[in-house]
Amino acid sequence: MLIRTHTCGQLRDTNVGENIRLNGWVNSYRDHGNLIFIDLRDRYGVTQLVFDPDDGTDAALMAAADKLRNEDVVACEGVVRIRIGGENPKLASGKIEIVVKKLEVLNKTEPPPFLPEDIGNLPAEEFRSKYRYLDLRRPTMQKILGLRHKAYQATRRYFDQNGFLEVETPILYKSTPEGAREFLVPSRHLPGNFYALPQSPQLFKQILMVAGCDRYMQICRCFRDEDPRADRQAEFTQIDLEMSFVRRDQVMAMMEGFVRTLWKEVMGVEVPPLARMTYREAMERFGIDRPDTRYALESRDISSLAAKCDFGVFKDVLAKGQDRPQFNSKRGVVKAIHVPGGADKLTRKMTDGYTPFVKGFGAGGVATVKVNAQGAFETGIAKFLEPIREDLTRELNLKPGDAVLFVADLYAIATKAIGELRQVVARDLGLIPKSGAEGGPWNFLWVIDFPMFEKDKESNRWVAMHHPFTSPRDDQLEAFLAADVNDDDTIEGIVSAGYDIVLNGQEIAGGSVRIHDQAVQSKVFRLLGLTPEQAREKFSFLLEALAFGAPPHAGIAFGFDRLVMNFVGTTNIRDVIAFPKTQTGQDLMTGAPGVANEAQLRDVHVKSIPIEPKAEPKA
RNA sequence: GGGGCGGUAGCUCAAUUGGUUAGAGUACCGGACUGUCGAUCCGGUGGUUGCGGGUUCGAGUCCCGUCCGCCUCGCCA
């Protein structure tokens, strides 16, 4: 075999005259009869080969070149020369070509089901997944693999330099039926027992802190058996981190340093210091805990103004109480979004769609007013708002031609609805900028001071907003330990020591200071409705560990796939995973999951129960 | 589990209101061609319209079911 001396992305006019060898795939062939061009491709680039009888190519070599087809794997030897036909500016190697003297076909290909080209329409994703090895040959996919690799290396380098220890934690793990549905793995030795694949190494990393690791990092696979989305896979990658003997701000500073280093090394972008926003402010202004601050359309609580008008819907909602604590779901509020220029830009078709849209989040509807050239309100509810028109105009700084959208409901519903509505309006009006990778802004943000607990709608029980090992904020510990577990207003107001990093409206990392004190941990479990027995059954090892000298510790986890998505500028998580799965969790290339045979099932003491056939529909 | 969109040649797509033998580009095969670079030109092969049933004189098109893919709500501590 003619082993390569260079890659296909390497040779330049400085190499002219050199005798070289290249290996690669045929990217395209252009056969002019007595002159044949082959573009040879590998991961590094494309180089043009030429077979030219005027330059000594004999008939046998011409015949061999004549048979070359796309994706054949070849080796060649030849001489670098300046292109006679002129430069191709599209190629890095476009000034030169290789006059081939020897050719070896290393592997003739079957006609491939599609060609790994970035030009034209890509084959359907389903098809690209089935022949993933062909899809991955595309330069775009090679570039993504390269960016992902760079991110891995920058991550390891940064945390190594900061004293973090990389530790692997088990994939075969104990089931902890809190949170996401788990993948189960049956045990052969213990009939009827199952491992679970970890949703995250949360408990192990805390145990590592108790074990004195001090600083831990891992780029780890996590598994959640929930339905995927464009930016979610059942199997995904986290950068998992934990630190001992730190307070919240030290962890945040360390992680902020990581973000800035990562963006610098992977994208060459200088990220300014990250702004901080409390959960409450995020909810008030944006109606969501991961605000996209790239556009305005902020929402305002106008409850006290609305109380002075004659609109029945507002009055009814506000009558449900306004004197509750800050996060209280039983508080009635009126929220408004000011849309500059909205009188014209918001079409009837758009606004007609907004009421059904917010109804999906439990809200009653959206009221709209438009400000005419004289500054008067128009549309159906204008006359009810007349008593507060001047105050509202001043408060929201309304100008002629603007519009205002109102949602009135209980705090939780109105906030959620207006937050979702804001995003739809932004999309409708084309206010969302292009991605950072395409030259748009990178808006990073810390969100802090989350509530510890929220009420589960179905069971009406408290659930941990982050996870049950998250500590109350330092100044809340006393109040938390003293709080009556039945005092909803107080419990709802307890603030945690959690923190998220939000990028352009997407959560890219989340973490918290952990509980290192058994009394606090026990109270959290009690609040979540776990008896001491249940808590011990599920988390005995953690509770024990906390009793045997657990240092104060805190950590965070980054969604690695999402980071790479941002570097690439894609909204499809499957683009950044080498071998992704479909929405039903199938790998179309390998055919996983597959049926297990009788013997395999017997080994692990499992019996497969077929789905019961559905009742015949009546004819 | 719910809602939406899609499935036609190896691939990307078209096919009028339900109406002739389901077309085009590309890939592939054959031929021509000495400077191309998404080469060009000429010719050719290639179809269970995802699958099953129904309506109809007639179904790629309409109806029912089903499978698969994508988007989305629920879900994702």
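In what follows, every heavy atom counts, from backbone to side chain, and hydrogens, waters and symmetry copies are set aside. Note on naming: letters A, B, ... go to the chains in the order of the sequence lines (proteins, then strands), and numbering restarts at 1 for each one.
Atoms CG (A/L68) and C1' (B/rA27) sit 17 Å apart, rounded to a whole Å. For the pair A/Q48 CD and B/rU36 P, the computed distance is 10 Å after rounding to whole Å. For the pair A/N121 CG and B/rG10 P, the computed distance is 18 Å after rounding to whole Å. A straight line from CZ of A/F357 to P of B/rG4 spans 17 Å, rounded to a whole angstrom. Taking atom CG on A/D39 and atom C1' on B/rG35, their separation rounds to 13 Å, with Å as the unit. What separates CG of A/L115 from P of B/rA27 is a distance of 8 Å, to the nearest Å. The CG atom of A/D118 sits 15 Å away from the C1' atom of B/rC11 (whole-angstrom rounding). The separation between A/D66 atom CG and B/rC29 atom P is 11 Å, rounded to whole Å.
A/D449 has a carboxylate O that lies under 4.0 Å from a charged side-chain N of A/R248, or vice versa, which qualifies the two as a salt bridge. A salt bridge links A/R514 to A/E242: at least one charged side-chain nitrogen sits closer than 4.0 Å to a carboxylate oxygen. A/D55 and A/K101 are joined by a salt bridge, as a carboxylate oxygen and a charged side-chain nitrogen come within less than 4.0 angstrom of each other. Between A/R138 and A/D118, at least one side-chain N (NZ, or NE/NH1/NH2) sits under 4.0 Å from a carboxylate O, which counts as a salt bridge. A salt bridge links A/K455 to A/D488: one of the charged nitrogens lies within less than 4.0 Å of a carboxylate oxygen.
For the segment residues 25-38 of chain A, the set of residues with a heavy atom within less than 4.0 Å of an atom of RNA chain B comprises A/S28, A/Y29, A/R30, A/D31, A/H32, A/G33, A/N34, A/L35, A/F37, in numerical order. Near RNA chain B, meaning a heavy atom under 4.0 Å away, the residues from residues 94-102 of chain A are A/E97. Of the residues in residues 126-141 of chain A, those placing a heavy atom less than 4.0 Å from an atom of RNA chain B are A/E126, A/F127, in numerical order.
Nucleotides B/rC70 and B/rG65 have their P atoms positioned 23 Å apart, rounded to a whole Å. Separation of the C1' atoms belonging to B/rU72 and B/rU36 is 48 Å when rounded to the nearest angstrom. Atom C1' of B/rG23 sits at a distance of 11 Å from the matching atom of B/rG47, rounded to the whole Å. Comparing B/rC42 with B/rG52, their P atoms sit 40 Å apart, to the nearest whole Å. Taking the C1' atom of each, B/rC62 and B/rG19 are spaced 14 Å apart, rounded to whole Å. Taking atom C1' on both nucleotides, B/rU12 is separated from B/rG6 by 15 Å, rounded to a whole Å. On the P atoms, B/rA39 is 26 Å away from B/rG46, given to the nearest whole Å. Comparing the C1' positions of B/rC33 and B/rG10 gives an interatomic distance of 28 Å, to the nearest angstrom.
Residue pairs meeting the side chain to side chain donor-acceptor pair (under 3.5 Å) criterion with at least one member in residues 496-508 of chain A, sequence neighbours excluded, are A/Q506-A/N566.
Candidate nucleotides B/rC37, B/rG38, B/rA27 were compared by shortest atom distance to the side chain of A/N70, and B/rA27 ranks first.
Mapping A/L91 and A/T582 onto RNA chain B via the closest heavy atom, the residue that lands nearer the 5' end is A/L91.
Note on ring orientation: taking the six-membered ring where Trp is involved, the planes of A/F525 and A/F469 are perpendicular (angle over 60°, cut-offs 30° and 60°).
Among residues two or more places apart in sequence or in another chain, the ring pair (Phe, Tyr, Trp, His ring centres under 6.0 Å) test is passed with A/Y173 by A/F204. Partners of A/R30 under the salt bridge (Lys or Arg N to Asp or Glu O under 4.0 Å) rule, at least two apart in sequence or in another chain, are A/D39. Scanning for side-chain hydrogen bond (donor to acceptor under 3.5 Å, both in side chains) contacts around A/E71 gives A/R41, A/R137, with sequence neighbours left out. By the salt bridge (Lys or Arg N to Asp or Glu O under 4.0 Å) test, A/E125 pairs with A/R574, sequence neighbours left out. Residues passing the side-chain contact (heavy atoms from CB on, under 4.5 Å) test with A/E226 are A/A180, A/R181, sequence neighbours excluded. Every side-chain contact (heavy atoms from CB on, under 4.5 Å) that A/A545 has, sequence neighbours left out, goes to A/I207, A/V210. Here A/S200 pairs with A/Q202, A/C222, A/R224, A/Q238 under the side-chain contact (heavy atoms from CB on, under 4.5 Å) rule; sequence neighbours left out.
For B/rU66, the paired nucleotide is B/rG50, the pair qualifying as Watson-Crick or G-U wobble because both relevant distances are below 3.5 Å. Searching all strands for a Watson-Crick or G-U wobble partner of B/rC41 with both distances below 3.5 Å returns B/rG31. With a 3.5 Å ceiling on both atom-pair distances, the Watson-Crick or G-U wobble partner of B/rG25 is B/rC11. Under the Watson-Crick or G-U wobble criterion, with both distances below 3.5 Å, B/rU17 is left unpaired in every strand shown.
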Practice prompt. For nucleotides 71-77 of chain B, just jot down a letter per nucleotide in 5' to 3' order: B, S or -, based on protein non-hydrogen atoms under 4.0 Å.
Written response: BBBBBBB

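Using a 4.0 Å heavy-atom criterion, one finds that A/R461 contacts no nucleic acid atom at all.
Minimum interatomic distance between A/K95 and A/D13 (heavy atoms only, all atoms of both residues): CD-OD2, 3.2 Å.
For A/F223 and A/F236, the gap between ring centers reaches or exceeds 6.0 Å.
Considering only side-chain N and O atoms, A/Q586 lies under 4.0 angstrom from the phosphate OP1 or OP2 of B/rG69.
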